[in-house]
Amino acid sequence: MKRLLLAIFCFLSFAAYANEPTATTEEATDKEAFSPGEMILHHIGDSHEWHFATLGDEAHGTHVTIPLPVIAYRPAQGLSVFSSSQLAEGKVYNGLKLEHEHLVSEDGSKVYDFSITKNVASLMLSAALLLVVFTAVARGYAKRGSGAPKGIQSFFEPIIIFIRDEVAKKSIGPKYERYMPYLLTVFFFIWFNNLMGLMPGGANLTGNIAVTLTLAVLTLLITLFSSNKNYWHHIFATPGVPKALLPIMIPVELIGIVVKPFSLMVRLFANITAGHIVILSFISLIFIFGSVTVAPVTLAFGLFINMLELLVAILQAYIFTLLTAMYIGGAVEEHHDADYQMGGGDGADTAHAH
């Protein structure tokens with residue numbers, strides 16, 4: 001059974017990668033040589049169609065592709081809605097065409113692209129999946145109450161409790177409950193999409209910097225709107241800092257407010273994208289050398305990285321959620337100096353450490 005699961009995992013891990021459009025050895029003399037950079041960028045980037053695999057070679061193979069809706073607005077022509085299949089292979093439709101997956105107008109006029117791209121479709125799919133899964137979990141709690149969990153509820157309950165006890169309570173403190181919905185949503189949203197990105201034909205949603213930027217901005221807004229006077233006092237009148245240094249410290253503290261969510265954005269984006277690039281780079285070595293003799297080695301390394309990415313998927317979700325909770329905790333933290341002077345130093349130190 002374990003060998004069967006391993007074989008299935010290997011197939012699912014590399015079926016989509018190995019079927020990327022490439023030129024055969026005989027065709028290389030007549031066609032452009034295989035470009036690993038182009039293949040990798042195509043795989044990790046967004047597109048107006050959802051491409052899963054190519055069965056056969058690029059010239060005569062069958063492309064397994066799902067066309068997606070193109071929604072474009074031009075001030076002069078108005079709104080245009082049509083299938084992305086109309087723009088396949090460099091076609092021009094209604095004065096519009098795709099240039100490196102950017103929708104442009106033939107006459108050079110401004111185009112506002114509101115299309116349902118692969119990443120947007122994946123976002124909708126993951127949102128629907130989250131609703132289905134956690135609606136089932138909620139029904140389990142409503143049905144069994146405090147009884148022993150069963151089914152899908154038994155799988156997710158330890159994770160939910162871990163986020164509550166080890167992340168929210170320890171980082172935020174007594175006010176943790178009001179932030180639990182956001183923390184759980186962020187954690188499972190990132191984790192689910194990280195895993196979906198590892199599936200054959202999956203979209204690199206959490207490797208899209210616009211997505212990670214949105215998550216980081218939400219964390220920033222929640223932190224700022226939750227902040228108390230102690231938080232702003234620490235920024236504009238940092239305790240223990242001479243007043244002569246405040247003109248230097250205040251800009252540093254204000255920059256730190258923006259740098260924290262910026263680090264959240266870049267960390268998630270870079271780690272997820274790097275994992276995809278490393279796996280695809282190993283697979284590309286087979287076509288670069290043009291020999292199957294290197295396949296066992298490159299596939300072994302690629303499989304190892306792919307299994308490591310399963311750990312990275314949940315680790316990055318945990319790190320993003322933990323840092324978010326820490327930033328919120330710092331914003332809602334009450335003043336502890338008086339408690340520290342009266343002997344409450346341990347509690348204050350613990351709060352500041354988190």
Side-chain angles (χ1 to χ4, degrees), residues 119 122-123 126-127 129-135 137-138 141 149 152-198 203-227 231 256-275 308-333 350-354:
N119 281 342
S122 180
L123 176 64
S126 63
L129 180 60
L130 285 167
L131 286 173
V132 171
V133 168
F134 288 100
T135 298
V137 173
Y141 279 110
I152 194 171
Q153 180 190 356
S154 63
F155 176 81
F156 285 103
E157 183 173 294
I159 303 175
I160 295 172
I161 292 175
F162 176 82
I163 297 297
R164 184 194 67 186
D165 295 344
E166 301 299 324
V167 176
K169 281 186 178 180
K170 291 186 176 180
S171 299
I172 300 176
K175 300 179 180 179
Y176 77 93
E177 287 187 353
R178 63 185 299 189
Y179 302 103
M180 277 297 294
Y182 177 68
L183 294 178
L184 289 174
T185 301
V186 165
F187 176 82
F188 285 109
F189 175 82
I190 294 175
W191 185 29
F192 275 40
N193 281 287
N194 287 349
L195 293 177
M196 290 173 64
L198 294 173
N204 185 31
L205 184 64
T206 44
N208 186 307
I209 199 161
V211 175
T212 59
L213 171 63
T214 302
L215 294 174
V217 168
L218 288 174
T219 294
L220 175 62
L221 292 176
I222 291 174
T223 301
L224 294 180
F225 282 108
S226 301
S227 59
Y231 176 76
I257 294 176
V258 180
V259 168
K260 289 177 181 178
F262 179 80
S263 67
L264 286 178
M265 173 189 71
V266 174
R267 181 184 291 107
L268 180 59
F269 161 75
N271 279 280
I272 300 304
T273 302
L308 191 63
E309 283 298 298
L310 295 176
L311 174 63
V312 172
I314 191 170
L315 182 62
Q316 288 303 315
Y318 167 72
I319 291 174
F320 194 103
T321 307
L322 176 63
L323 291 176
T324 295
M326 291 174 64
Y327 299 155
I328 295 173
V332 302
E333 183 182 21
T350 302
H352 281 291
H354 286 295

Closest heavy-atom pair and its distance - [X], [Y]:
X: L129; Y: M196; result: CD2-SD, 4.3 Å
X: A325; Y: I172; result: O-CG1, 3.4 Å
X: K170; Y: D165; result: CG-O, 3.5 Å
X: P261; Y: A216; result: O-CB, 3.2 Å
X: I272; Y: Q316; result: CD1-CG, 4.4 Å

Practice task
Kindly check if the number of other-residue, nucleotide or ligand heavy atoms within 6.0 Å of OH (Y141) is above 12?
Solution key: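 Result for OH/Y141: enclosed.
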
Going by side chain to side chain donor-acceptor pair (under 3.5 Å), name the residues that satisfy it together with [X], two or more places apart in sequence or in a different chain.
X: E177; answer: none
X: T223; answer: none
X: S226; answer: Y179

Exercise for the section: For K260, check salt bridge (Lys or Arg N to Asp or Glu O under 4.0 Å) against everything at least two apart and list the hits. Expected result: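 For K260 there are no salt bridge (Lys or Arg N to Asp or Glu O under 4.0 Å) partners, ignoring immediate neighbours.
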
Exercise for the section: List in chain and number order the residues that pass salt bridge (Lys or Arg N to Asp or Glu O under 4.0 Å) with E157, two or more places apart in sequence or in another chain; answer none if no residue qualifies. Expected result: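 None.
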
List the atom pairs, with distances to 0.1 Å, where a side-chain N or O of residues 182-194 and a protein N or O form a donor-acceptor pair under 3.5 Å, not counting sequence neighbours.
from : atom 1 : to   : atom 2 : distance (Å)
Y182 : OH     : L215 : O      : 3.4
Y182 : OH     : T219 : N      : 3.3
Y182 : OH     : T219 : OG1    : 2.9
T185 : OG1    : P181 : O      : 2.6
N193 : OD1    : S126 : OG     : 3.2
N193 : ND2    : S126 : OG     : 3.4
N193 : ND2    : F189 : O      : 2.8
N194 : OD1    : T206 : OG1    : 2.5
N194 : ND2    : I190 : O      : 3.3
N194 : ND2    : A313 : O      : 2.9

Exercise for the section: Could I get the full list of side chain to side chain contact (heavy atoms under 4.5 Å, CB included) partners for I209, not counting sequence neighbours? Expected result: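 In terms of side chain to side chain contact (heavy atoms under 4.5 Å, CB included), with neighbours along the sequence ignored, I209 is linked to T212, M265, F269.
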
Handout entry: Qualifying residues under side chain to side chain contact (heavy atoms under 4.5 Å, CB included), relative to V132, sequence neighbours excluded
Key =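 None.
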
Please round to the nearest 0.5 Å and tell me the distance separating atom [atom1] of [X] and atom [atom2] of [Y].
X: M326; Y: T321; atom1: CE; atom2: OG1; answer: 13.0 Å
X: F225; Y: L220; atom1: CZ; atom2: CG; answer: 9.5 Å
X: I328; Y: L224; atom1: CD1; atom2: CG; answer: 10.5 Å

Practice task
Quick one: list whatever passes ring-ring contact (aromatic ring centres under 6.0 Å, His included) with F162, sequence neighbours left out.
Solution key: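 With sequence neighbours excluded, F162 shows a ring-ring contact (aromatic ring centres under 6.0 Å, His included) to Y318, given in chain and number order.
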
Problem - Whether S122 side chain and N119 backbone form a donor-acceptor pair below 3.5 Å - result: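 No: the side chain of S122 does not pair with the backbone of N119.
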
Problem - Residue pair I257 / Y231, side-chain heavy-atom distance below 4.5 Å - result: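 Yes. Closest side-chain heavy atoms under 4.5 Å.
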
Practice task
Evaluate the side-chain contact (heavy atoms from CB on, under 4.5 Å) criterion for residues L264 and L323: first the C-alpha distance (whole Å), next the side-chain angles of each, then the deciding distance (0.1 Å), finally the verdict.
Solution key: CA-CA 8 Å; L264 286 178; L323 291 176; 3.6 Å; yes

Handout entry: Pairwise side-chain hydrogen bond (donor to acceptor under 3.5 Å, both in side chains) hits with a residue in residues 261-274, at least two apart
Key =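 Listed by first then second residue: nothing to list.
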
Practice task
For side-chain contact (heavy atoms from CB on, under 4.5 Å), just list the numbers for I222 and T324, CA-CA rounded to whole Å, side-chain angles, deciding distance to a tenth of an Å, and then say yes or no.
Solution key: CA-CA 9 Å; I222 291 174; T324 295; over 6 Å; no

